[in-house]
Amino acid sequence: MPWYDLPLEQLRAYRTATPEPDNLDAWWSERLQDAREQAKPVTITRHEPDLYGPAEVHDVEFSGANGDRIKAWYLRPANRETSAVCVKYIGYGGGRGAPAEHMLLPALGYAVLVMDTRGQGGRWTFGATGDGDGGGPENSQVMTRGILSPETYYFTRLITDAALAVDAAAELAGPDARIGVCGGSQGGGLSLAAAALHGDRIAVCQPDVPFLCDVQRAITLAPSTPYTEIPEFLAHNGHLADRALDTLRYVDCALLARRVTAPTLMTVSLMDPIVPPSTVFAAYNEITAAKGIAVHPYSGHEVPHSHSEAWIRHLREHLPA
């Protein structure tokens with residue numbers, strides 16, 4: 001994939017042109033209040049204790065949007081007390097997968113809550129949560145699901161789940177819990193949203209190549225799915241474009257990023273065909289908290305392994321285990 005977006009010097013100054021809804025804070029406060037009023041207690045069940053040995057693995061359910069039950073894994077180092085917990089969010093099409101996929105953080109001394117993604121988990125790893133009652137994981141395309149209203153939009157539900165996953169992590173880790181949020185692609189966008197909606201409750205935010213940022217630009221620029229789902233839909237439903245674009249403003253993580261107060265380490269790949277680099281910088285440039293961005297000029301939609309130690313170092317600095 002060639003460099004198809006703005007030059008790096010312009011990316012560092014780029015700002016989104018999408019106007020923020022006047023009622024964005026109040027609107028999200030209402031969504032979260034409604035979900036919390038419908039919430040039932042978190043349930044936790046030990047999973048395969050003989051298999052995972054030095055890590056404790058628990059199968060968790062918590063309440064997300066509309067009171068829907070969301071699956072998660074909760075992993076923590078065995079025989080070691082820790083109040084440092086990371087909430088990890090998954091990329092588009094995936095689910096929580098198997099606990100073995102998430103062993104790095106427990107090996108480093110952290111607890112981790114891995115949120116399943118409602119109505120996904122049928123593409124590159126598996127899930128266990130449907131989008132509402134009676135459903136299950138799907139090999140789904142959800143970019144236009146409910147897009148004609150922010151109240152019914154799929155990503156409103158998913159971001160609500162992400163925010164309430166932080167509530168669940170705090171409950172599981174105890175009254176002194178210190179919480180970080182992390183994830184790649186869709187998971188990176190959810191990290192930004194959760195950090196924005198929880199403010200000072202979040203100690204560190206680590207979104208990699210985040211999706212759901214500067215969405216109105218992304219859908220006109222990204223050459224690959226899943227952003228292309230929206231222009232494909234609007235090509236045949238042009239009379240619905242104004243309503244769809246208005247909905248996208250409520251879940252745009254470049255707009256929500258203005259509310260992030262946690263120290264943030266972000267990554268961007270300049271040959272990324274899925275998340276245009278300018279959309280990542282659109283979110284990064286709105287953050288006023290302490291921040292850094294790792295730029296990978298020759299990478300696509302991935303984070304090079306060479307970034308891993310910088311990621312760990314940043315985590316340890318702002319969220320000691």
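Here Tyr89 contributes atom OH and Ser185 contributes atom OG; the two are 15.5 Å apart, rounded to the nearest 0.5 Å. Note that the CG atom of Asp167 and the CZ atom of Arg201 stand 9.0 Å from one another [nearest 0.5 Å].
A salt bridge is defined here as a Lys NZ or Arg NE, NH1 or NH2 lying under 4.0 Å from an Asp or Glu carboxylate O, and Arg217 with Asp5 meets this definition. Under 4.0 Å is where a charged nitrogen must lie from a carboxylate oxygen, and between Asp246 and Arg243 no such pair does. Looking at Arg145 and Glu138, a side-chain N of the basic residue comes within less than 4.0 Å of a carboxylate O on the acidic one, giving a salt bridge.
Atom CD of Glu309 has 12 or fewer heavy atoms from other residues, nucleotides or ligands within 6.0 Å.
The backbone N or O of Arg118 lies less than 3.5 Å from a partner atom in the side chain of Tyr154, making a donor-acceptor pair. The main-chain N or O of Leu319 is found under 3.5 Å from a side-chain atom of Tyr110 such that the two form a donor-acceptor pair. Using modelled atom types, no side-chain atom of Asp116 and backbone atom of Ile70 make a donor-acceptor pair closer than 3.5 Å. No side-chain donor-acceptor contact under 3.5 Å links Tyr153 to the backbone of Thr144. Not one N or O on the side chain of Gln216 forms a donor-acceptor pair closer than 3.5 Å with the backbone of Thr18.
Linking Ile, Leu, Val, Met, Phe, Trp and Tyr residues whenever their side-chain heavy atoms come within less than 4.5 Å places Tyr92 and Phe233 in a single cluster. Note on Leu172 and Trp73: separate hydrophobic clusters, where clusters join Ile, Leu, Val, Met, Phe, Trp and Tyr whose side-chain heavy atoms are under 4.5 Å apart, directly or indirectly. Residues Phe62 and Leu190 are members of one and the same hydrophobic cluster, defined by side-chain heavy-atom contacts under 4.5 angstrom among Ile, Leu, Val, Met, Phe, Trp and Tyr.
In this structure, Phe211 and Tyr227 have tilted ring planes: the angle between them lies in the 30° to 60° band.
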Residues 74-81 side chain polar contacts: donor-acceptor under 3.5 Å, at least two apart:
residue : atom : partner : partner atom : Å
Arg76   : NH2  : Arg80   : O            : 2.6

In a table with atom names and distances, give each donor-acceptor pair under 3.5 Å that connects a side chain of residues 257-273 to protein atoms at least two apart or in another chain.
residue : atom : partner : partner atom : Å
Arg258  : NE   : Glu286  : OE1          : 2.8
Arg258  : NH1  : Glu20   : OE1          : 2.8
Arg259  : NE   : Asp25   : OD1          : 2.5
Arg259  : NH1  : Glu20   : OE1          : 3.3
Arg259  : NH1  : Leu255  : O            : 3.0
Arg259  : NH2  : Glu20   : OE2          : 2.5
Arg259  : NH2  : Asp25   : OD1          : 3.4
Arg259  : NH2  : Asp25   : OD2          : 3.3
Thr261  : OG1  : Gly199  : O            : 3.2
Thr261  : OG1  : Asp200  : N            : 3.4
Thr261  : OG1  : Asp200  : OD1          : 2.9
Thr264  : OG1  : Ala262  : O            : 2.9
Thr267  : OG1  : Asp208  : OD1          : 3.0
Thr267  : OG1  : Val209  : N            : 3.1
Ser269  : OG   : Gly300  : O            : 3.0
Ser269  : OG   : Glu302  : O            : 3.0
Asp272  : OD1  : Ile274  : N            : 2.8
Asp272  : OD1  : Val275  : N            : 3.0
Asp272  : OD1  : His301  : ND1          : 3.1
Asp272  : OD2  : His301  : ND1          : 2.7

Could you give the side-chain donor-acceptor pairs of residues 38-57 under 3.5 Å, partners two or more places apart or in another chain?
residue : atom : partner : partner atom : Å
Gln38   : NE2  : Asp34   : O            : 3.4
Gln38   : NE2  : Asp34   : OD2          : 2.9
Glu56   : OE1  : His58   : NE2          : 3.4

